[in-house]
Amino acid sequence: MTSTDAHTGAEDSGPSGYAAARLRLLTEGARSGPPRRAALAELTDDWLAALFEAGAAAGGGPKGVSLVAVGGYGRGELSPRSDLDLLLLHDGGDADAIAALADRLWYPVWDLGLALDHSVRTPAEARRTAAEDLKVQLGLLDARHLAGDLALTAGLRTAVLADWRNQAPRRLPELQELCAERAERQGELQFLLEPDLKEARGGLRDATALRAVAASWLADAPREGLDDARRRLLDVRDALHLTTGRATDRLSLQEQDQVAAELGLLDADTLLRQVYEAARVIAYASDVTWREVGRVLRSRAVRPRLRAMLGGGKPAAERSPLAEGVVEQDGEVVLARTARPERDPVLPLRAAAAAAQAGLPLSLHAVRRLAATVRPLPTPWPAEAREQLVTLLGSGRPTVEVWEALEAEGLITRLLPDWERVRCRPQRNAVHVWTVDRHLIETAVRASEFTRRVSRPDLLLVAALLHDIGKGWPGDHSVAGEIIARDVAGRIGFDRDDIAVLGTLVRHHLLLVETATRRDLDDPATVRSVAEAVGTQSTLELLHALTEADALATGPAAWSSWRGSLVADLVKRVSAVLAGDDPEEPEAAAPTAEQERLAVEAYRTGGPVLALRAQTEPPAGPPPGEEPPGVPEPLGVELLIAVPDQPGVLPAVAGVLAMHRLTVRTAELRAMPLPDGVGGPVLLLDWRVAAEYGSLPQAARLRADLVRALDATLDIAGRLAERDAAYPRRRGVVAPPPRVTVASAASRHATVIEVRAQDAPGLLFRIGRALEDAGVRVRSAHVSTLGANAVDAFYVTQAQGTPLPGAEAAAVARKLEEALRG
């Protein structure tokens, strides 16, 4: 704070003088970060001290009273919109005089519109309240004297610290439980797209908890990087307060660009990456600290009994060998006394693999010693190093904690330099629940469950680790990732054939799921194209397992039994081609008895006929440690519709389903010839649908609305517009515009038009109507929804059933895109 600011704050204790000085401080561009927070705290200190002195003088100067800053204000961490946490401490004197002094303090603060958390207590009352309320005790640990009786404040500080240290064995587990409950509610700061900087795990609350643990003298947090991480989060919160003008800790999507600009950062992704890095430091420090607290408390509980048994003296800690140079001690993995990291470059991977296999954490001391002394691995890696990496990746869930320990000390980027580009990299896609680097580790964890399904589990695990490594580079991440994966595979010692397989797996890690959900699997061109890309049965086997592991590690919206069944069907067909059973041109599938019955009835009645039938499959085996599901998982409801051949069927059916809040998972439409002598063709729609919420509508209601839609007496577009107007859109991130492309050479029987757009009720209706307006015939549709994104493929032909010429196909795609943008 400048001398002018301080003088103004001290001389004018009224709200206007402080408000003007505060505004100047917050709007001047010369200061930010810790200097501005310290200046704001000092300015506020001077103002409150002047208010205290004036109030005390007006009330006859009551003795034995002090004004104390607690919590964040006590630490001097005032953000632009922070609360003022104040305690008016007194020795139990004149109650009326103290109440009058409190009014003279609190009302000017309220007059300025500042948030105030205040209390009036004696030292005994403060200590008693702290004993009952952990949050109060944490606030008092940061008590700082502002004005009045300094001895009174100092006595309270001394007593509160003594209470905290004496009660630490009881209060620290309570604090740990509080942190765990908050993490469960708020999530992990290092992965959230709209994180709460204060409450989420790895946020400012956790940093404060670590200070409290240190104050207990029972354990201490790793200090390296912790202050910088805390400062970074406070800087982001300052910028958030300034850009929004609100006291908020949630970094919303729509505010991230402004906050980044306020901090002088390139963009919102750079901002999020810095937030994630800071959160990761605090979260890792929390893990290490709480582990140490638990170890100390267990040791204290056991030691008296051991002393009684051994007659005094301190017993030596037991050390159990785990691997060469690696032992277990006190529930952690540490280096053996004979270990020589400077002579053993494989030791970090050996220690990590041993820890993950044993399900134990790597000790902080061991990781830091390795980081400080170990030599780089030669290129290519020795076979043992590669084997230890595969062992680490194949250890399941314990891999995550061990990997985080290595990464916290920079060992991962020393082993795999390409990791730096994906470390803490955000993924702005609602389907993904992790950052890129954590998603890669989660994929390896999932892949470890499938190692018995493949002949080369080492290639599966390494491909899982590297499949998205290209996301740190511009362009198609699969193309860039193949180049990086081949280079990494060579450096870690795989031979030429294995390098080629890993490159193929990374390049085509999305091939199976995208083909299965967006292409016609009855078209031989589809299956042949996948077979050509994969090349061999063993690679197909690996790609199938990688596809499922990748989807499971992405998030709940990326995988389902339905999606798995489509991928399995594709794999079966591709496997047959690779075995030499090349598919012939498909013959028209013979209709089932039910389909034929519906078609005949539709022709006879001249209107639509439909049937709803639930589809289920036996549940897959549960993940390790989880209970098996009690009922089969529904694949959706099969909706069979037969209707006399006429224009507008696709938009009519899609519109009616949207009106009834039914989501379309798959859709097929084809002309079905009737038995000889019955009559002309009937359109058969075989769709799988699911209710957005609630129960499915009755078939009779669907049919009645479909009849009205086909004869143009039901205004579907109007009804959907009315529903949209009744539920105004929430403020949020602006979706990218839709994109419509023609997939060349995807089929010899039809033109494949692919639509990528923001999913919304009625989207399929709008697409169908636009295709009808373009005069094309929809042979089949393959609908896929991933989170908020819809990726749909439509096989369309001319009226006579042939593919569209190139220019016409491009024109249809362009018109469809324009219709969706409008």
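Basis for what follows: all heavy atoms, side chains included, without hydrogens, waters or symmetry-related copies.
Residues forming a salt bridge (Lys or Arg N to Asp or Glu O under 4.0 Å) with R185 (at least two apart in sequence, or on another chain): none. Taking R438 as the reference, E404, E442 meet the salt bridge (Lys or Arg N to Asp or Glu O under 4.0 Å) condition, with sequence neighbours excluded. For E601, the salt bridge (Lys or Arg N to Asp or Glu O under 4.0 Å) partners are R597, not counting sequence neighbours. Applying the side chain to side chain contact (heavy atoms under 4.5 Å, CB included) test to A810 and every residue at least two apart in sequence or in another chain returns nothing. Partners of R428 under the salt bridge (Lys or Arg N to Asp or Glu O under 4.0 Å) rule, at least two apart in sequence or in another chain, are D269. Scanning for side chain to side chain contact (heavy atoms under 4.5 Å, CB included) contacts around R425 gives R273, V436, with sequence neighbours left out. By the side chain to side chain contact (heavy atoms under 4.5 Å, CB included) test, A717 is found to be paired with D715, F765, R769, residues two or more places apart in sequence or in another chain being considered. By the side chain to side chain contact (heavy atoms under 4.5 Å, CB included) test, E548 pairs with F450, R453, L552, W559, sequence neighbours left out.
Residue pairs meeting the salt bridge (Lys or Arg N to Asp or Glu O under 4.0 Å) criterion with at least one member in residues 796-814: none, sequence neighbours excluded. Note on residues 529-538: no pairs pass salt bridge (Lys or Arg N to Asp or Glu O under 4.0 Å), not counting sequence neighbours. Residue pairs meeting the ring-ring contact (aromatic ring centres under 6.0 Å, His included) criterion with at least one member in residues 792-822, sequence neighbours excluded: H782-Y795.
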Check step by step if side chain to side chain contact (heavy atoms under 4.5 Å, CB included) holds for V534 and L511.
-> CA-CA 9 Å; V534 173; L511 177 64; 4.3 Å; yes
Carefully, step by step, assess D520 and H749 under the rule side-chain hydrogen bond (donor to acceptor under 3.5 Å, both in side chains).
-> CA-CA 11 Å; D520 183 358; H749 306 286; over 6 Å; no
Under 3.5 Å, side-chain donor or acceptor atoms of residues 797-807 against the rest of the protein: list the pairs with distances, not counting sequence neighbours.
{"residue": "Q798", "atom": "OE1", "partner": "Q800", "partner atom": "NE2", "Å": "3.2"}
{"residue": "Q798", "atom": "OE1", "partner": "T802", "partner atom": "OG1", "Å": "2.6"}

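For D522 and R573, the salt-bridge test passes: some basic side-chain N is under 4.0 Å from an acidic carboxylate O.
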